[in-house]
Amino acid sequence: MSWIILFLAGLFEVLWAVGLKTTAGFTRLWPTLGTLAAMIISLLLLGLAMRDLPVGTAYAVWTGIGALGTAVVGIVCFGDPATAGRLLSLLCILVGIVGLKLAS
């Protein structure tokens, strides 16, 4: 169950990271409130997952999911470049996340 909670925490990290772009420097009320809510939920879920998972593993997986997910959203939704080097780097992050899961 802790891995599911950690995965959800990572998804909320993606939401708040992408939400930062929509806040226009925290000048737009509703996007700012949504972003802050996603931040809080993400951290709460991370804390719950860390009750049963090693801190280093949980944090690395959480940030990996956030980084990978945010980069993919950037490519798909915001036209960020999808160069071979970037995609290979994202694949390395994914392999690292899977590796940490398998090693735990």
Side-chain angles (χ1 to χ4, degrees):
M1 188 67 170
S2 295
W3 283 101
I4 294 169
I5 292 170
L6 183 59
F7 179 75
L8 291 172
L11 292 181
F12 275 96
E13 186 185 5
V14 173
L15 286 176
W16 73 254
V18 172
L20 285 174
K21 185 164 182 71
T22 67
T23 67
F26 297 106
T27 61
R28 298 178 62 215
L29 178 63
W30 294 111
T32 296
L33 293 176
T35 298
L36 291 173
M39 286 177 176
I40 292 167
I41 293 168
S42 180
L43 287 172
L44 287 173
L45 291 172
L46 175 61
L48 289 174
M50 282 186 175
R51 287 194 286 181
D52 297 319
L53 298 173
V55 65
T57 299
Y59 185 76
V61 169
W62 178 69
T63 57
I65 292 169
L68 179 64
T70 303
V72 169
V73 170
I75 290 168
V76 172
C77 298
F78 298 109
D80 291 355
T83 63
R86 289 188 82 203
L87 295 176
L88 180 61
S89 297
L90 292 173
L91 179 62
C92 289
I93 294 171
L94 178 60
V95 169
I97 292 168
V98 171
L100 286 170
K101 167 64 173 115
L102 295 175
S104 293

The side-chain contact (heavy atoms from CB on, under 4.5 Å) partners of A103 (sequence neighbours excluded) come to none

Nearest atoms (heavy-atom pairs only) where V55 meets M50
CG2-CE, 3.7 Å

Residues which pass ring-ring contact (aromatic ring centres under 6.0 Å, His included) with Y59, listed by chain and number, not counting sequence neighbours
W62

Atom pairs and distances, donor-acceptor, side-chain atoms in residues 77-86, under 3.5 Å, two or more places apart:
{"from": "T83", "atom 1": "OG1", "to": "R86", "atom 2": "N", "distance (Å)": "3.3"}
{"from": "R86", "atom 1": "NH1", "to": "P81", "atom 2": "O", "distance (Å)": "2.5"}

What pairs with L45 under side-chain contact (heavy atoms from CB on, under 4.5 Å), at least two apart in sequence or on another chain?
I5, L8, A9, F12, I41, L48

Quick check: does any side chain N or O of S104 sit under 3.5 Å from a backbone N or O of L100, one acting as donor and the other as acceptor?
yes

Please check if I65 and M1 belong to a single hydrophobic cluster, counting links between Ile, Leu, Val, Met, Phe, Trp and Tyr side chain heavy atoms closer than 4.5 Å.
yes

Can you list, by chain and residue number, the hydrophobic cluster partners of W16 when the side-chain cut-off is 4.5 Å?
L20, F26, L36, M39

Gap separating the CG atom of L87 from the CG atom of L94, nearest 0.5 angstrom:
12.0 Å

Is L15 linked to V18 within one hydrophobic cluster, defined over Ile, Leu, Val, Met, Phe, Trp and Tyr using a side-chain heavy-atom separation of less than 4.5 Å?
no

Can you name the residues that form a side chain to side chain donor-acceptor pair (under 3.5 Å) with S2, not counting sequence neighbours?
D52

Can you list the steps and then say if T70 with V73 is a side-chain contact (heavy atoms from CB on, under 4.5 Å)?
CA-CA 5 Å; T70 303; V73 170; 5.8 Å; no

Can you hop from L68 to F7 via hydrophobic side chains spaced under 4.5 Å?
yes

Considering non-hydrogen atoms only, spot the tightest contact between L53 and A58 and give its length.
CB-CB, 4.2 Å

Which pair of heavy atoms, one from G64 and one from I93, lies closest together, and at what distance?
O-CG2, 3.7 Å

Looking at residues at least two apart in the chain, or sitting in another chain, which of them share a side-chain contact (heavy atoms from CB on, under 4.5 Å) with P54?
T57

Would you compute the distance between atom CG of L6 and atom OG of S42 and round it to the nearest 0.5 angstrom?
9.0 Å

Does L102 belong to the same Ile/Leu/Val/Met/Phe/Trp/Tyr cluster as V61, with side-chain heavy atoms less than 4.5 Å apart forming each link?
yes

Tracing side-chain links under 4.5 Å among I, L, V, M, F, W and Y, which residues wind up in one group with L33?
L29, W30

L90 side chain near I75 side chain, heavy-atom distance below 4.5 Å
yes

